[in-house]
Amino acid sequence: MALVLVEHEAGVPDDASLQALALARELDPGSVLDALLLGADGAAAADTLGRHGVATAHVAEHEALTGFAPDAWARVLVDLAERSGATVVAAAGSERGNEVMARAAARLDEPLATNVIEASGSGPWTVTRVRWGGSLLEEARLDADRALLTIQPHAVTAVAMGDGAASVAAFTPQLDSGDLVVRASERVGAPTGGVSLADAKVVVSAGRGAGSTEGFAGVEELAALLGGAVGCSRAVTMAGWRPHTDQVGQTGTKIAPDLYIACGISGATQHMAGCKGAKAILAVNSDPEAPILSSADYAVIGDLHEVVPAICAAIREARAS
Amino acid sequence: MRALVCVKRVPMTGGRIVLTDDAQAIETRHLGFASSPHEECGVEEAVRLVEAAGGESVVLTLGPAEAVEQLRDAMAIGADRAIHLQAEGEEWDAQATAAAIVDAIRADEAEHGPFDLVLFGNESADAGGYQVGLRVAAALGRPAATGLKAVAVGDGRVRCEQEVPGGRDVYVLPLPAVVTVKEGLNLPRYPSVPGRLRAQRKPVATVTPTRPASRLQKLRLVVPEGQGTEATVLGHGADAAPAVVRVLDELGVL
Ligand SMILES: Cc1cc2nc3c(=O)[nH]c(=O)nc-3n(C[C@H](O)[C@H](O)[C@H](O)COP(=O)(O)OP(=O)(O)OC[C@H]3O[C@@H](n4cnc5c(N)ncnc54)[C@H](O)[C@@H]3O)c2cc1C
Ligand SMILES: Nc1ncnc2c1ncn2[C@@H]1O[C@H](COP(=O)(O)O)[C@@H](O)[C@H]1O
């Protein structure tokens, strides 16, 4: 039996959790697939989950489970896994999924394979997982009583099939005060207006080639013209030219725009790990040998301080005519 | 205030990852090494906390003899001393790493008293297991918050801010506690020359733990497909602008 932690917003499961269900189902097509949802409104997901192969949706309700309490979530997941005899326990490779599964793995003293894209076997298992934020893959052998996995978002396709709803089993978990020490007590700093880097359709970034804070003027103008967001490389944040919230990459923001324009950025693997989800990449670089030219779709060879203003002017001209 | 921060030595891979012939590791002959940016922020935070409150900051790594470079880097920006769990050969998995770190923490605390705060990166740059810090916290029975962009210590507590889609979630944990942090927490200082010289004289305690059998055993590494396509060059300099506009139009973003 496989058990998947399904993250949801008011009973609407998120895509990454449906992808986790798909991988768990593929791993053992013959076995029963159950889901765990935290919060009473999880019951509303029964139809969707049924279409994604779930037999029973276990909905855990407890007055302490309003704010995110990761140790409590892990406790509930472990209790249910032990009670149901699940041999595969999975979650999305989201921030929360990875966090709850790590805490569950620590409780069970079992290994945990995070950000898995493929799995096979039935104990031991063979898994392929993501390293270096996606720049490298690892094939590994997982030797455990229970396979604990998180599934890399966007690596597996979730397909709805059939039309029966999952049956809903409500329960009140046992929690003690120790499970509730770590608990989100407050939400601060509502997001500021404007296009967010993570959701922008177009991102225009610059790297060390920008030369200074002022060197971003053209990039800002181009981003504004295209209704996009400004990004940057780590070389830029380390120099203090832009805040870290603008950084694209493995340790910055991961983006998936329709177009990524990277100016004066060499294309280090850790930078590309953040923009590999882009549908198209245009590089502007003075060095025709820059590594980014072997991951970009289009390139302009030249000084960004000349090329970017010329692009802005050409856009205005095209729009005027 | 006693703070411990755990860092891992990883290669700086540049533009392209090349594997060793047996596909067990990254070919590092021509590469430099660093700790993850998350961990560098952890070091900076530990140093600042101790600068503000007095006490001692300690940096720990589990890795080969050369990993002493990353310990010296941390001491160059102000960590007071280091613990080196020297491990040659095969990489350690997260479970084994956490167990060795727990042993080292218990041994150090038996001698010097408890660490108020133990800091980790949210995830290591290479393995990306998202778990060593949480495993250590569980074994020590200490509360832990993850992925933090702000940490403030006072009144026997640590106030933590974690970035979430709608803003920041706040966690207030009693000390002693464990935190895992992300780049953006602070802007780490560059080591000064005197800092580097002082770091050479700071103490490094070396322990050689034995690697247990791995229950998540790496079989081989694979470079994913999709690298090595050559970009279509639209032109040179300002003259390329009209061609760029045509592409923007084709992509539907104009
Ligand atoms: C664990 C780890 C995590 C990391 N995480 C990230 C991350 O999240 N994001 C990130 O970006 N980096 C990250 N890095 C750093 C990364 O390895 C690179 O050092 C960094 O991306 C380099 O930034 P850059 O391309 O701007 O600078 P450089 O590598 O110095 O490249 C500058 C480029 O600009 C070009 N250029 C110079 N002048 C001009 C000009 N006038 N016009 C046009 N082109 C010009 C040059 O030809 C060159 O290609 C990480 C590193 C490590 C080890
Ligand atoms: N070999 C190691 N030595 C010291 N600290 C480590 C080591 N491996 C992982 N860590 C710490 O644990 C964090 C999470 O690692 P991981 O679980 O591999 O993603 C890292 O950011 C480091 O702070």
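Chain identifiers are assigned alphabetically (A, B, ...) following the order of the sequence lines, protein sequences preceding nucleic acid strands; residue numbering begins at 1 within each chain. On a predicted model such as this, the values are computed, not experimentally measured, just so you know.
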Cationic N near anionic O, under 4.0 Å, B:Lys218 to A:Glu138 = no

Picking from A:Arg187, A:Arg129, A:Glu99, which has the most non-hydrogen pairs under 4.5 angstrom with chain B?
-> A:Arg187

Using a cut-off of under 4.5 Å on heavy-atom pairs, state which of B:Ala238, B:Gly252, B:Ala240, B:Gly235 scores highest against chain A.
-> B:Gly235

Tell me, out of A:Ala268, A:Gly67, A:Ala184, A:Ala102, who's got the most heavy-atom pairs with chain B below 4.5 Å.
-> A:Ala184

What are the residues of residues 89-105 of chain B, in order of number, with any heavy atom under 4.5 angstrom from a heavy atom of chain A?
-> B:Glu91, B:Gln95

A:Asp71 portion near chain B, given a 4.5 angstrom heavy-atom threshold = neither

Please determine if A:Asp109 and A:Arg107 form a salt bridge, counting it only when a charged side-chain N lies under 4.0 Å from a carboxylate O.
-> no

Side chain, backbone, both or neither: which part of B:Val132 has a non-hydrogen atom closer than 4.5 Å to chain A?
-> neither

If you tally heavy-atom pairs under 4.5 Å between each of B:Val170, B:Leu134, B:Leu234 and chain A, the highest tally belongs to B:Val170

Closest non-hydrogen atoms of B:Pro11 and A:Trp132, given as atom of the first, atom of the second and distance, are O-CH2, 3.1 Å

In terms of heavy-atom proximity below 4.5 Å to chain B, should A:Ser266 be classed as side chain, backbone, both, or neither?
-> neither

Here the gap from A:Leu226 atom CG to A:Asp258 atom CG, rounded to the nearest 0.5 Å, amounts to 11.5 Å

Do NZ/NE/NH1/NH2 and the carboxylate oxygens of B:Arg189 and B:Glu44 come within less than 4.0 Å?
-> yes

Distance-minimising heavy-atom pair for A:Leu293 and A:Ala299 | CG-CB, 4.0 Å

With a 4.5 angstrom heavy-atom cut-off, which part of B:Leu254 approaches chain A: side chain, backbone, both or neither?
-> both

Greatest number of non-hydrogen atom pairs under 4.5 angstrom with chain B, of A:Pro124, A:Ala290, A:Ala105, A:Gly252, falls to A:Ala105

Does the side chain to side chain contact (heavy atoms under 4.5 Å, CB included) test come out yes or no for A:Leu149 and A:Leu112, once each step is laid out?
-> CA-CA 6 Å; A:Leu149 312 170; A:Leu112 163 66; 5.7 Å; no

Looking only at heavy atoms, the pair that brings B:Gln70 and B:Ser35 closest together is CG-OG, 3.4 Å

Region of A:Met238 in contact with chain B, defined by heavy-atom distances below 4.5 Å = both

Can you say whether B:Val253 sits under 4.5 Å from chain A via the side chain, the backbone, both, or neither, judging by heavy atoms?
-> both

Toward chain B, the part of A:Pro288 with a non-hydrogen atom under 4.5 Å | neither

Tabulate, in ascending numerical order, the residues of residues 147-158 of chain B having at least one heavy atom closer than 4.5 Å to a heavy atom of chain A, or enter 'none'.
-> B:Lys149

Side chain B:Ser192, main chain B:Gly195, donor-acceptor under 3.5 Å = yes

Kindly give the heavy-atom pair with the smallest separation between B:Ser36 and B:Val10, and that separation in Å.
-> N-CG2, 4.5 Å

Any sub-3.5 Å donor-acceptor pair from B:Gln162's side-chain atoms to B:Thr146's backbone N or O?
-> yes

With only heavy atoms counted, which part of A:Pro291 is less than 4.5 Å from chain B, the side chain, the backbone, both or neither?
-> side chain

State whether the side chain of B:Thr20 and the backbone N or O of B:Ala25 hold a donor-acceptor pair below 3.5 Å, judged by distance alone.
-> yes

Pairs of heavy atoms under 4.5 Å with chain A: top-ranked of B:Gly237, B:Ala231, B:Ala23 = B:Ala231

Between A:Arg234 and A:Gln247, is any side-chain donor less than 3.5 angstrom from a side-chain acceptor?
-> no

Compile the donor-acceptor pairs under 3.5 Å between side chains in residues 300-312 of chain A and protein atoms, sequence neighbours left out, one pair per line.
residue  : atom : partner  : partner atom : Å
A:Asp303 : OD1  : A:His305 : N            : 2.8
A:His305 : NE2  : A:Gly209 : O            : 3.4
A:His305 : NE2  : A:Ala210 : O            : 3.3

Which portion of A:Val130 sits near chain B, non-hydrogen atoms under 4.5 angstrom | backbone

Take B:Asp73 and B:Arg196 through the test salt bridge (charged side-chain N to carboxylate O under 4.0 Å, His left out) and record every step on the way to the result.
-> CA-CA 7 Å; B:Asp73 287 348; B:Arg196 290 217 168 271; 3.2 Å; yes

Does any heavy atom of chain A fall under 4.5 Å from the side chain of B:Val245, the backbone, both, or neither of them?
-> side chain

Name the region of A:Ala318, side chain, backbone, both or neither, that has any atom closer than 4.5 Å to a heavy atom of chain B.
-> side chain

Side chain to side chain contact (heavy atoms under 4.5 Å, CB included) between A:Val182 and B:Leu173, intermediate numbers included = CA-CA 7 Å; A:Val182 183; B:Leu173 309 180; 3.9 Å; yes

In terms of heavy-atom pairs under 4.5 Å with chain A, the winner among B:Gly128, B:Ala125, B:Ala137, B:Gly121 is B:Ala125

List the atom of A:Ser295, the atom of A:Ile281, and the distance in Å for their closest heavy-atom pair.
-> O-CD1, 4.2 Å

Looking at A:Phe68, does the NZ or CZ of A:Arg183 lie under 6.0 angstrom from its six-membered ring centre and within 45 degrees of the ring axis?
-> no

Which heavy atom of A:Asn115 sits nearest a heavy atom of A:Gly93, and at what distance?
-> ND2-O, 3.6 Å

Quick one: list whatever passes side chain to side chain contact (heavy atoms under 4.5 Å, CB included) with A:Glu110, sequence neighbours left out.
-> A:Leu108, A:Ala144, A:Asp145, A:Leu148, B:Arg215

Pair count under 4.5 Å, heavy atoms only, with chain B: among A:Thr128, A:Leu136, A:Leu142, highest is A:Leu136

Taking A:Ile261, A:Leu259, A:Thr150, A:Thr245 one by one, which has the highest count of heavy-atom pairs under 4.5 Å against chain B?
-> A:Leu259

With only heavy atoms counted, which part of B:Ala144 is less than 4.5 Å from chain A, the side chain, the backbone, both or neither?
-> both

Test: A:Arg96 cationic atom under 6.0 Å from A:Trp73 six-membered ring centre, within 45° of axis | yes

Just by modelled atom types, is the B:Glu183 backbone N or O under 3.5 Å from a matching donor or acceptor in the B:His38 side chain?
-> yes

Can you tell which of B:Ala138, B:Gly184, B:Ala145 has the highest number of heavy-atom pairs within less than 4.5 Å of chain A?
-> B:Gly184

Top contributor to chain B contacts, counting heavy-atom pairs under 4.5 Å, from A:Met101, A:Glu317, A:Lys201, A:Gln270 | A:Gln270

Residue B:Glu40 versus chain A: region with a heavy atom under 4.5 Å = side chain

If you draw a 6.0 Å radius around CD in A:Glu9, do more than 12 non-hydrogen atoms from other residues or ligands fall strictly inside?
-> no

Residue from B:Arg220, B:His236, B:Gln131 scoring the most non-hydrogen pairs under 4.5 Å with chain A is B:Arg220

Side chain, backbone, both or neither of B:Val247 within contact of chain A (heavy atoms, under 4.5 Å) = side chain

Against chain B, label A:Ala280 side chain, backbone, both or neither, depending on which of its atoms sit under 4.5 Å from a heavy atom there.
-> side chain

